[in-house]
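Heavy atoms only: backbone and side chains are in, while hydrogens, waters and symmetry mates are out. Lettering of chains follows the sequences in order, A, B, ..., and the numbering in each one begins at 1.
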Amino acid sequence: MNIAHLSEQEIIRREKLKEFAQLGIDPFPAPLFPVNSNAAYIKANYKGEENKADFAEVVLAGRVMSIRDMGKASFAVLQDSTGKIQLYVKRDEICPGEDKTLYDKVWKHLTDMGDIIGVKGYVFTTKTGETSIHVRELVFLTKSLKPLPVVKEKEGETFDAVTDPEFRYRQRYADLIVNPQVKETFVKRSKLINSMREFLNSRGAIEVDTPVLQSIPGGAAARPFTTHHNALDIPMYLRIANELYLKRLIVGGFDWVYEFSRNFRNEGMDRTHNPEFTVLEFYTAYKDYLWMMETTEQLLEKAAIDVNGDSTCEVDGKQISFKAPFARITMYDAIKQYTGIDISGMNEDQIREVCKQQHIHVEPSMGKGKLIDELFSEKCEHHFIQPTFIIDYPVEMSPLTKKHRSKPGLVERFELMVNGKEIANAYSELNDPIDQRARFEEQVALMERGDDEAMFIDYDFLRALEYGMPPTSGIGFGIDRICMLLTGQSSIQDVLLFPMMRPEK
RNA sequence: GAUUCCGUAGCUCAGCUGGUAGAGCAAUACACUUUUAAUGUAUGGGUCCUGGGUUCGAGUCCCAGCGGGAUCACCA
């Protein structure tokens, strides 16, 4: 390896490897280390005299985060997966004989912040009242060759914390080490997904896997990532949605299927969009979108409680409550409420006029559905902070949705808005194959008109519907956005372990 | 894609109207057996994002590029 680009500190750490070799110590040893406790458990449960016998022989391992060398004894902070705990390392304790090499050499000179060590010892409380480990044995487990950013703290206040987003996202491994709250966010993300999975499993839903590589990217209107299958010599697409596959399974006789689907869309990135993102979709036979609204309320209320302990959360200084039931408003009423205009009886040209009056950019390729969508996005969406179901969408913007049971021109669809963003989208699913074919054909017409996000016709999906799909309701939840809400993050990058970044040179 | 702000030591950041680069932490050496942003003394450490230009002289001014953030556009 070319040493020229290494920093002074990196060179010094590499040279320490040679000293390890001279001492006959492997700085990357193979044997397992028999950990039997952890920092958080000890801090939570050690009570001093009354139960110190239970903590007479603890074994833990982790990363050295700071060292305060006092001469023949020293204090250090060890960080394991559960948190930090102070170590007290005394020379004559870890080197009881004549040979003081382990303390004087290995510990005082060869151990750096960031190194991984294992310790055995007993728990005690220092003069200043801090629960600590009095180390009896110390084992070197892994040398860290690259210095971590140094973050200090006192009384809960943090100094010199690493905040550079580029460093944090590109080197998430280092971010996780030095910014403990980052790990908490991802623990919560795991709790969120577990909570949803439990909810669904406990009601009899079945988790399935459907293709990520698809020859027709269906189920949503979005630009796909394109790739190529060499053996078949055909273009393939990374899925933009899994909807049409899950419905095929309803045709096949599953009553309730779900999938946490990683979807890919070849579009811009911002605080709420990443090119790959996670959606929970589920489809339930013999249900409609009214049932789905109630189910959604229950699912999200439980999720909020499981993640944060109660049904509220705070984002951007706003308190949001997931306590069921949520508000409901029809799309036309929402537009009427925020623009004062009732578009319910209007045709495409009239709505186009309304858009122009409201200073909304329109293009000839936009159909009625798209125009209404623009009106809603521009004038209404951001007003819905508390969870609100927007219901009964115009048929033109919902090619996979069943027509409304009583309101002509509308479909049985809702989106759930929270903090001004869509976090779920649900329908009474269209199961009439003749109607579905006609809707696909309208999409083709839109495509010919210049809408490059209109849907392709999926003939195999139509064939499945022809066998008969029971009345079904389905929904997709934006997991990343829900995670943002429940963890109080305002950027999607902070709920993705490895957000998309331009490659480094 | 557009606009705008930013890029200086391992980290956090100074660096004025242009004059040969600075602090704290970290590192190195020494001292110290209950410290905790440990302390004390000493020392070393830089492709000032990259490439051009202006100038006697550029971290600083100008242009282009690279990377990141924010806003907007796109995105159901």
Participant: In whole Å, I'd like the distance from the CD atom of A:Glu157 to the P atom of B:rC25.
Facilitator: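 After rounding, the gap between these two atoms is 16 Å.
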Participant: Within the side chain of A:Thr158, is there an N or O that forms a donor-acceptor pair under 3.5 Å with the backbone of A:Glu153?
Facilitator: no
Participant: Tell me which nucleotide, if any, is Watson-Crick or G-U wobble paired with B:rU34 when both distances must be under 3.5 Å.
Facilitator: none
Participant: NA contact type, A:Arg13, heavy-atom cut-off 4.0 Å: base, sugar-phosphate, or nothing?
Facilitator: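 Answer is nothing: A:Arg13 stays at 4.0 Å or more from every strand.
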Participant: Would you jot down, in residue-number order, the residues of residues 108-117 of chain A having a non-hydrogen atom under 4.0 Å from RNA chain B?
Facilitator: A:His109, A:Asp112, A:Met113
Participant: Got a donor-acceptor contact below 3.5 angstrom from the A:Asn347 side chain to the A:Gln350 backbone?
Facilitator: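 Pair found, side chain donor or acceptor close to backbone of A:Gln350.
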Participant: Is it true that A:Asp69 and A:Lys108 have a side-chain N and a carboxylate O under 4.0 angstrom from each other?
Facilitator: yes
Participant: Look through every strand shown and name the nucleotide pairing with B:rG45 as Watson-Crick or G-U wobble, where both distances are under 3.5 Å.
Facilitator: none
Participant: Going by purine N1 to pyrimidine N3 plus the second Watson-Crick contact, or the G-U wobble pair, all under 3.5 Å, which nucleotide sits opposite B:rA2?
Facilitator: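 Per the H-bond distance test, B:rU71.
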Participant: B:rC25 pairs with which nucleotide, Watson-Crick or G-U wobble, both distances below 3.5 Å?
Facilitator: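 The answer is B:rG10, by the H-bond criterion.
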Participant: By the 4.0 Å heavy-atom rule, please label A:Glu155 as base, sugar-phosphate, or nothing.
Facilitator: nothing
Participant: Distance check needed: B:rC25 C1' versus A:Lys154 NZ, whole Å only.
Facilitator: 15 Å
Participant: May I ask you to evaluate whether A:Lys152 reaches the phosphate of B:rG24, defined as a side-chain N or O under 4.0 Å from OP1 or OP2?
Facilitator: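 For B:rG24, OP1/OP2 do not have a side-chain N/O of A:Lys152 under 4.0 Å.
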Participant: May I ask you to decide whether A:Lys402 forms a salt bridge with A:Asp288, counting only side-chain N to carboxylate O separations under 4.0 Å?
Facilitator: no
Participant: Please classify the nucleic acid contact of A:Arg91 as base, sugar-phosphate, or nothing, using heavy-atom distances under 4.0 Å.
Facilitator: nothing
Participant: Ignoring backbone atoms, establish whether A:Arg68 has a side-chain N or O less than 4.0 Å from OP1 or OP2 of B:rU35.
Facilitator: no
Participant: Using 4.0 Å as the upper bound for N to carboxylate O, is an ion pair formed by A:Arg437 and A:Glu441?
Facilitator: no
Participant: What is the distance, rounded to the nearest whole Å, between atom CZ of A:Arg271 and atom C1' of B:rU71?
Facilitator: 9 Å
Participant: Please tell me if A:Lys16 has a side-chain N or O lying less than 4.0 Å from either OP1 or OP2 of B:rU28.
Facilitator: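 Yes, within the criterion.
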Participant: Would A:Glu267 and A:His273 count as a side-chain hydrogen bond (donor to acceptor under 3.5 Å, both in side chains) here? Give the steps.
Facilitator: CA-CA 9 Å; A:Glu267 289 158 357; A:His273 296 83; over 6 Å; no
Participant: Determine the Euclidean distance between corresponding P atoms of B:rG22 and B:rG40; express it in Å to zero decimal places.
Facilitator: 23 Å
Participant: Could you tell me whether A:Gln493 contacts a base, only the sugar-phosphate backbone, or nothing, with contacts defined as non-hydrogen atoms closer than 4.0 Å?
Facilitator: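 The residue A:Gln493 makes sugar-phosphate contact but no base contact.
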Participant: By the 4.0 Å heavy-atom rule, please label A:Phe124 as base, sugar-phosphate, or nothing.
Facilitator: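 Base, at least one base heavy atom under 4.0 Å.
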Participant: When rounded to the nearest Å, what value does the distance between C1' atoms of B:rC13 and B:rG7 take?
Facilitator: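 Nearest-Å result for B:rC13 against B:rG7 at atom C1': 13 Å.
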Participant: Phosphate oxygens OP1/OP2 of B:rC66: is one of them under 4.0 Å from a side-chain N or O of A:Arg502?
Facilitator: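 Indeed not, no polar side-chain atom of A:Arg502 lies that close.
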Participant: Both A:Met501 and A:Glu415 contact RNA chain B. Taking the nearest nucleotide for each, which residue is further toward the 5' end?
Facilitator: A:Met501
Participant: Round to the nearest Å and state the distance from A:Glu19 atom CD to B:rU28 atom P.
Facilitator: 10 Å
Participant: Just name whichever nucleotide pairs with B:rG51, Watson-Crick or G-U, keeping both distances under 3.5 Å, else none.
Facilitator: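 Partner of B:rG51: B:rC63.
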Participant: Atom NZ of A:Lys421 to atom P of B:rC75: distance rounded to whole Å?
Facilitator: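 Between P of B:rC75 and NZ of A:Lys421: 14 Å.
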Participant: Taking only Lys NZ, Arg NE, NH1 and NH2, and the carboxylate oxygens of Asp or Glu, determine whether A:Glu49 and A:Lys52 approach each other closer than 4.0 Å.
Facilitator: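 A salt bridge is present here (some side-chain N lies under 4.0 Å from a carboxylate O).
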Participant: So what does A:Met417 touch, heavy atoms closer than 4.0 Å: a base, only the sugar-phosphate, or nothing?
Facilitator: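 Since no nucleic acid heavy atom lies under 4.0 Å of A:Met417, the category is nothing.
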Participant: Which residues pass the ring-ring contact (aromatic ring centres under 6.0 Å, His included) test with A:Phe440, not counting sequence neighbours?
Facilitator: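 In terms of ring-ring contact (aromatic ring centres under 6.0 Å, His included), with neighbours along the sequence ignored, A:Phe440 is linked to no residue.
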Participant: In whole Å, what separates the P atom of B:rU8 from that of B:rG46?
Facilitator: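 B:rU8 and B:rG46 have their P atoms separated by 16 Å.
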Participant: Taking the C1' atom in each of B:rA23 and B:rA9, what is the distance between them to the nearest angstrom?
Facilitator: 11 Å
Participant: Using the C1' atom in both, what is the distance from B:rU54 to B:rG18, to the nearest Å?
Facilitator: 11 Å
Participant: Any donor-acceptor pair under 3.5 Å joining the side chain of A:Gln86 to the base of B:rU35?
Facilitator: yes
Participant: Any idea which of B:rG69, B:rA73, B:rU33 is nearest the A:Asp270 side chain?
Facilitator: B:rA73
Participant: Which whole number of Å gives the distance between the C1' atom of B:rA26 and that of B:rG45?
Facilitator: 11 Å
Participant: Check for me: is A:Phe75 stacked on B:rA38 by the 5.5 Å centroid and 30° plane-angle rule?
Facilitator: no
Participant: To the nearest Å, give me how far apart CZ (A:Arg14) and C1' (B:rU28) are.
Facilitator: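 Distance, rounded to whole Å: 18 Å.
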Participant: Looking only at atom types and distance, does a side-chain atom of A:Ser132 sit under 3.5 Å from a main-chain N or O of A:Thr125, one as donor and one as acceptor?
Facilitator: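 Such a contact is absent between A:Ser132 side chain and A:Thr125 backbone.
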Participant: Got a donor-acceptor contact below 3.5 angstrom from the A:Asn274 side chain to the A:Met500 backbone?
Facilitator: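 Yes: the side chain of A:Asn274 pairs with the backbone of A:Met500.
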Participant: Nearest-nucleotide wise, let me know which of A:Met500 and A:Gly268 is further upstream toward the 5' end of RNA chain B.
Facilitator: A:Met500
Participant: Using a strict cut-off of less than 4.0 Å between a Lys/Arg side-chain nitrogen and an Asp/Glu carboxylate oxygen, indicate whether A:Arg170 and A:Asp175 qualify as a salt bridge.
Facilitator: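 Salt bridge between A:Arg170 and A:Asp175, a charged N being under 4.0 Å from a carboxylate O: no.
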Participant: Provide the distance between the two P atoms, one in B:rG19 and one in B:rA38, to the nearest whole Å.
Facilitator: 37 Å
Participant: Strictly distance-based, threshold 3.5 Å: is any side-chain N or O of A:Tyr103 a donor or acceptor partner for the main-chain N or O of A:Ala73?
Facilitator: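 It does hold such a pair.
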Participant: Show me the protein contacts with nucleotides 3-12 of chain B, counting only N or O atoms at under 3.5 Å.
Facilitator:
from	atom 1	to	atom 2	distance (Å)
B:rG10	N7	A:Gln9	NE2	3.4

Participant: P atom, B:rA21 versus B:rA58: distance in rounded Å?
Facilitator: 12 Å
Participant: May I have the distance from A:Asp104 (atom CG) to B:rA29 (atom C1'), rounded to whole angstrom?
Facilitator: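 So the two atoms are 15 Å apart, to the nearest Å.
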Participant: Rounding to a whole Å, what distance do you find between A:Arg168:CZ and B:rG68:P?
Facilitator: 15 Å
Participant: Closer than 3.5 angstrom, by distance alone: can the side chain of A:Asn179 be matched with the main-chain N or O of A:Val162 as a donor-acceptor pair?
Facilitator: yes
